[in-house]
Amino acid sequence: MAAPMLRWGCPGTRWALAGIGGGFRHRRGASIGSTPNPTREQSTVAQKPLHTAQKLRKGEHKWAAVVGLEIHAQISSNSKLFSGSQVCFAAPPNSLVSFFDASLPGTLPVLNRRCVEAAVMTGLALNCHINKKSSFDRKHYFYADLPAGYQITQQRLPIAANGSLAYSVCVGKKRGQLVSKRVRIKQIQLEQDSGKSLHDDLRAQTLIDLNRAGVGLLEVVLEPDLSCGEEAAAVVRELQLILQALGTSQANMAEGQLRVDANISVHHPGEPLGIRTEVKNLNSIRFLAKAIDYEIQRQINELETGGKILNETRSFDSKLGCTVPMRDKEGKQDYRFMPEPNLPPLVLYDSTTLPAGVDSQQVINIDQIRDMLPELPSVTREQLVQQYGLLPEHSVTLLNEVGLLEFFQNVIKETRAEPKKVASWVLNTFLGYLKQQNLTVSESPVTPSALAELLDLLERKAISSSVAKQVFQELWRGQGKTAAQIVSEQKLELLQDPAALEQLCLATMEEHPQVVMDVKKGNPRAINKLIGLVRKATLSRADPALIKDILEKRLWL
């Protein structure tokens with residue numbers, strides 16, 4: 001057999017390699033407007049089935065849920081896994097298809113070096129063992145958007161295995177306590193994506209777009225260590241952040257670059273695991289959590305009313321908020337896995353096994369890739385806590401919201417306000433406005449500079465905190481005015497004349513003798529009422545602390 005080839009993730013450049021290989025399985029995610037393949041349903045997450053559902057009274061025994069995930073991430077590469085065709089989202093249909101992608105006779109796969117490096121880097125970041133020798137296999141099934149009639153994947157020996165992913169979830173009544181957990185990673189596999197089927201019901205026809213056919217994918221298979229939708233959502237978000245930090249995948253779920261299949265079952269603690277269902281092609285973290293929680297409750301309700309859980313594939317209807325059946329999985333699909341004859345084993349090296357005199361560009365060195373690993377999200381969060389004194393849950397939110405950390409750091413650079421105060425404004429006021437209007441950070445009408453200027457006004461006590469929120473609201477309206485201009489035009493500055501403020505306090509005390517009497521009798525809340533009356537008289541332009549000092553002096557003269 002001829003020596004295999006490795007090429008960079010862009011058309012035209014090819015690299016000879018001593019060996020190639022891998023092993024893995026993937027079910028493609030159907031895009032909106034496409035119908036999933038009715039025969040693609042083998043799961044890599046094994047569970048012991050409970051074939052007979054016992055009829056139980058409602059609430060007689062507690063239930064435990066088991067959730068396993070299969071996550072498919074599109075590799076960030078200029079070209080496809082085995083061909084030089086360009087990878088570009090939303091390109092005209094069938095405009096990025098090579099002879100190999102279309103499975104024309106005589107075409108052969110040439111492995112993309114960039115995709116292999118991305119798989120190794122992801123495996124290292126997820127604490128996996130990198131197999132120095134892996135292999136590729138053919139998984140056979142027939143569907144219109146799979147021209148070859150098989151998918152090149154890694155079934156027997158994947159490129160990475162036995163890893164773990166740490167993640168955090170909020171617990172407690174107020175969701176204020178952060179708990180760290182860990183999920184095991186069974187394996188990471190390289191494989192090629194399939195094309196896309198677009199069904200036109202009006203014309204009763206199906207159109208095939210092969211632009212996506214052959215795009216490189218990483219399938220991250222997790223062990224069934226999760227128990228609810230919130231945990232699954234936290235895991236997927238953490239993985240998304242890691243992939244983006246590594247640059248191995250953009251992981252944009254809206255563009256189908258990250259797709260999730262969830263395997264779900266329920267059982268009584270101490271008993272064998274229940275029959276599982278698989279919810280396919282979840283392309284939103286919010287929908288993932290909802291789908292899992294719904295499916296768990298559906299299975300519990302079904303068993304408690306004497307029903308039986310079917311081993312089936314389901315999809316999530318986001319409009320109805322429920323899972324719906326797609327097809328049953330009772331009859332096991334025979335994919336006729338076989339070694340890929342056109343790709344010999346993929347051989348990787350480290351510093352100890354690298355042959356002497358070998359050109360480093362002709363092989364892949366695991367240790368070299370390990371040295372290139374960037375700062376991971378977990379490290380970034382720790383640094384935020386240590387550098388700025390933030391709460392761990394605040395550091396999680398800053399990273400989880402796209403662009404929020406950069407916004408926070410830009411505000412820090414331009415203001416004299418302490419980091420905790422900046423974090424409070426960014427996480428509460430700023431993020432609250434974003435969520436209320438369903439905007440992203442990049443769509444915000446308030447820039448980091450504008451918020452920094454507002455916080456500086458507040459820091460030097462030119463305005464009160466209530467006025468600051470009023471000014472922020474004006475900034476959000478995006479009229480092109482600065483915080484200082486808004487404060488000046490609307491005369492919102494704090495009163496700086498102590499004598500004038502003292503006169504207002506005396507007048508308020510004279511007008512409300514009963515409240516003054518309550519204060520002198522020892523009612524601690526009465527003085528707050530006086531402070532509020534004075535602030536109302538000043539249109540909230542007076543410092544409450546200064547008002548309190550003046551009142552206390554006058555009350556006890």
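One is the number of the first residue; the rest follow in order along the sequence.
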Quick one: does [X]'s side chain have a donor or acceptor within less than 3.5 Å of a partner on [Y]'s backbone?
X: Asn127; Y: Gly163; answer: no
X: Arg212; Y: Phe89; answer: no
X: Asp137; Y: Phe337; answer: no
X: Gln257; Y: Asn252; answer: yes
X: Asp193; Y: Ala213; answer: no
X: Gln192; Y: Gln151; answer: no
X: Gln244; Y: Gln250; answer: yes
X: Asn281; Y: Arg259; answer: no
X: Asp200; Y: Thr206; answer: no
X: Thr107; Y: Ser103; answer: no

Step through the shown structure and confirm whether more than 12 heavy atoms of other residues, nucleotides or ligands are within 6.0 Å of CG on Asn438.
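Atom CG in Asn438 is not crowded, with 12 or fewer foreign heavy atoms closer than 6.0 Å.
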Taking atom CD as the centre, does Glu406 end up with more than 12 heavy-atom neighbours from other residues, nucleotides or ligands that are less than 6.0 angstrom away?
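12 or below, so no.
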Does any part of the side chain of [Y], heavy atoms only, come nearer than 4.5 Å to the side chain of [X], both counted from C-beta?
X: Met326; Y: Glu312; value: no
X: Ser197; Y: Ile208; value: yes
X: Arg381; Y: Leu241; value: yes
X: Val422; Y: Leu451; value: no
X: Met372; Y: Glu117; value: no
X: Asn263; Y: Pro224; value: no
X: Val183; Y: Leu69; value: no
X: Glu231; Y: Ile292; value: no

Of Arg182, Lys181, Arg184, the residue whose pairing with Asp225 passes side chain to side chain donor-acceptor pair (under 3.5 Å)
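Considering Arg182, Lys181, Arg184, a side chain to side chain donor-acceptor pair (under 3.5 Å) with Asp225 is found only for Arg184.
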Among Lys139, Gln155, Arg138, which residue meets the side chain to side chain donor-acceptor pair (under 3.5 Å) test with Glu340?
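Of all the options given, the one that passes is Arg138.
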Step-by-step side chain to side chain contact (heavy atoms under 4.5 Å, CB included) determination, Leu246 to Leu373
CA-CA 7 Å; Leu246 296 172; Leu373 287 176; 3.8 Å; yes
Taking only residues two or more places apart in sequence, or in another chain, which ones meet Lys435 in a side-chain hydrogen bond (donor to acceptor under 3.5 Å, both in side chains)?
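By the side-chain hydrogen bond (donor to acceptor under 3.5 Å, both in side chains) rule, Lys435 matches Glu401.
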Mind checking the [atom1]-[atom2] spacing from [X] to [Y]? Nearest 0.5 Å is all I need.
X: Asn162; Y: Ile188; atom1: CG; atom2: CD1; value: 10.5 Å
X: Leu218; Y: Leu239; atom1: CG; atom2: CG; value: 9.5 Å
X: Gln368; Y: Asp350; atom1: CD; atom2: CG; value: 12.0 Å
X: Glu414; Y: Thr447; atom1: CD; atom2: OG1; value: 7.5 Å
X: Leu399; Y: Thr380; atom1: CG; atom2: OG1; value: 5.5 Å

Indicate the atoms forming the closest heavy-atom contact of [X] with [Y], along with that distance.
X: Ser77; Y: Asn112; result: OG-ND2, 3.0 Å
X: Ala73; Y: Leu258; result: CB-CD1, 3.7 Å
X: Asp293; Y: Gly229; result: OD1-N, 2.8 Å
X: Ala125; Y: Ile242; result: CB-CG2, 4.1 Å
X: Ala119; Y: Leu190; result: CB-CG, 4.0 Å
X: Leu178; Y: Cys170; result: CD1-SG, 3.6 Å

With side chain to side chain contact (heavy atoms under 4.5 Å, CB included) as the test, would you mind laying out the steps for Ser444 and Phe430 before giving the verdict?
CA-CA 9 Å; Ser444 166; Phe430 178 73; 3.1 Å; yes
Can Ser442 and Thr440 be counted as having a side-chain donor-acceptor contact under 3.5 angstrom?
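Ser442 vs Thr440: donor-acceptor pair found between side chains.
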I'd like to know if the side chain of Ser98 pairs up with that of Asp101 as donor and acceptor (distance under 3.5 Å, no hydrogens or angles considered).
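On atom types as modelled, these side chains qualify, holding a pair under 3.5 Å.
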Check the pair Asp145, Lys196 against side chain to side chain contact (heavy atoms under 4.5 Å, CB included), reporting the backbone distance first and the verdict last.
CA-CA 6 Å; Asp145 60 17; Lys196 183 167 62 174; 5.6 Å; no
Mind checking whether Tyr150 and His140 have parallel, tilted or perpendicular rings, split at 30° and 60°?
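Correct class here is tilted.
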Specify whether Phe136 and Phe82 have parallel, tilted or perpendicular ring planes, treating 30° as the upper limit for parallel and 60° as the lower limit for perpendicular.
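Perpendicular: the ring planes of Phe136 and Phe82 meet at over 60°.
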Would you please test Val402 and Val441 for side chain to side chain contact (heavy atoms under 4.5 Å, CB included) and show each step?
CA-CA 7 Å; Val402 177; Val441 174; over 6 Å; no
As a test of understanding, state which of [options] forms a side chain to side chain contact (heavy atoms under 4.5 Å, CB included) with [X].
X: Val120; options: Asn131, Asn365, Leu348; value: Leu348
X: Leu405; options: Asn400, Val426, Leu384; value: Leu384
X: Val236; options: Leu282, Leu165, Leu222, Ile285; value: Ile285

May I ask you to check whether Tyr294 and Phe316 place their ring centres under 6.0 Å from each other?
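Ring centroids of Phe316 and Tyr294 are no less than 6.0 Å from each other.
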